[in-house]
Amino acid sequence: MNHITACLFDLDGVLVDTAVYHYKAWRQTAESLGIDFTEQHNERLKGVSRRRSLEIILEIGGQTMPQEQMLALCEQKNTEYLLDVAKMTPSEILPGVVNFLKELKAEGLKIALGSASKNAQLILERTALLPYFDAIIDGRHVEKGKPNPEVFLKGAQALGVTHTACVVFEDAVAGVEAAKNAGMLCVGVGEPHVLHQADLVVKDLSELSVERLRSLERKN
Ligand code: B16
Ligand code: MG
């Protein structure tokens, strides 16, 4: 294992949590189709692209529809979702995030975003997190969703580092798989029994420090 010089962060569930806004907007879409979409169903959408999210909702309702209508519904959902994103402030940043990003910067580590969201840049702007990032790879730049490693490999490339110099921070099972498929170290943010493929699992970023990353590097 190389010396860690770069950190790749997932956005939703790691730096901020907009799952409740996604849920509100998707529930409206589902209701308009007569589909009962519960909070438990919403768990299946975490880390998944907008398009795939709609496919899952249709699967839940046992429905199919033409591509054009799917595109229109994705647009409509996104318009609703953006009404809530527009109201976001730095108060919605998850615990420990700002301190950890500041420490990484101070220690000279590079920082990139690796998110499925096409709204990632806007969310980073609303929460004042954008200045910490050296590169942003998001839903606008990738063709294959997680667990495909594309988003993290492109992140490493944008930072000019090799995959073995990267550690990924992820809250979704598909995201942890994407990191491992990229041959990178992965810190899971959430429950150890769910994110068991990660090299280390924390509740939130307040449990992390550069020293903890160094000890992870020594173990691998
Ligand atoms: P958008 P992440 C993901 O963000 C969310 O977890 C997921 O629920 C959402 O469907 C996806 O972004 C696409 O978002 O509709 O804004 O393009 O966890 O990869 O940062
Ligand atoms: Mg996530």
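Start at 1 and go down the list; that is how both ligands and their atoms are numbered. The analysis underlying the following values was restricted to heavy atoms, covering all of them including side chains, and did not include hydrogens, waters or symmetry mates.
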E92 side, atom CD; T18 side, atom OG1 - distance, nearest 0.5 Å: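 Interatomic distance, E92 CD to T18 OG1, rounded to 0.5 Å: 9.0 Å.
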
Reported CG-to-CG distance for the pair L113 and D10, which is rounded to 0.5 angstrom: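 The CG atom of D10 is 7.5 Å from CG of L113, to the nearest 0.5 Å.
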
Which residue supplies the protein heavy atom nearest to [atom], what is that atom called, and how far is it?
| atom | answer |
| --- | --- |
| atom 15 (O) of ligand 1 | R50 NE, 2.8 Å |
| atom 8 (O) of ligand 1 | L45 O, 3.0 Å |
| atom 18 (O) of ligand 1 | D10 OD1, 3.0 Å |
| atom 19 (O) of ligand 1 | A116 N, 2.7 Å |
| atom 4 (O) of ligand 1 | D12 CB, 3.5 Å |
| atom 6 (O) of ligand 1 | G47 N, 2.8 Å |

Pair [X] + [Y]: basic N to acidic O under 4.0 Å:
| X | Y | result |
| --- | --- | --- |
| K24 | D84 | yes |
| R214 | E217 | yes |
| K219 | D199 | no |
| R51 | E143 | no |
| E80 | K77 | no |

Plane angle bin for F9 and F169 - parallel if under 30°, tilted between 30 and 60°, otherwise perpendicular: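 If you compare the ring of F169 with that of F9, the planes turn out parallel.
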
Mutual orientation of the aromatic rings belonging to Y81 and H22 [parallel < 30°, tilted 30-60°, perpendicular > 60°]: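 Y81 vs H22 ring planes: parallel.
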
K154 to F152, cation-pi by 6.0 Å centre distance and 45° axis angle: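 No, K154 and F152 do not form such a contact.
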
Minimum-distance N/O/S atom that D171 presents toward the Mg ion (ligand 2):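 For D171, the N/O/S atom sitting closest to the Mg ion (ligand 2) is OD1.
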
Below 3.5 Å, N or O to N or O, backbone or side chain included: is there any such pair between [X] and ligand 1?
| X | answer |
| --- | --- |
| S115 | yes |
| N119 | yes |
| S117 | yes |

Considering the heavy atoms of [X], write down every atom of ligand 1 situated less than 4.0 Å from one of them.
| X | answer |
| --- | --- |
| K118 | 1 (P), 16 (O), 17 (O) |
| L11 | 20 (O) |
| K146 | 19 (O) |
| S53 | 10 (O) |

The Mg ion (ligand 2): angle it makes with OD2 (D10) and O (D12), nearest 10 degrees: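 Taking the Mg ion (ligand 2) as the apex, I get 90° for this pair.
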
Flag side-chain contact, heavy atom, 4.5 Å: L216 against N220: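 A side-chain contact under 4.5 Å exists here.
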
Contact partition for V48 relative to ligand 1, non-hydrogen atoms under 4.0 Å: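 Only the backbone of V48 comes within reach of ligand 1.
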
No-hydrogen, no-angle side-chain donor-acceptor test under 3.5 Å, S115 and S117: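 Short answer, no.
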
May I ask whether [X] places a heavy atom under 4.0 Å from ligand 1?
| X | answer |
| --- | --- |
| A172 | no |
| G139 | no |
| R52 | no |

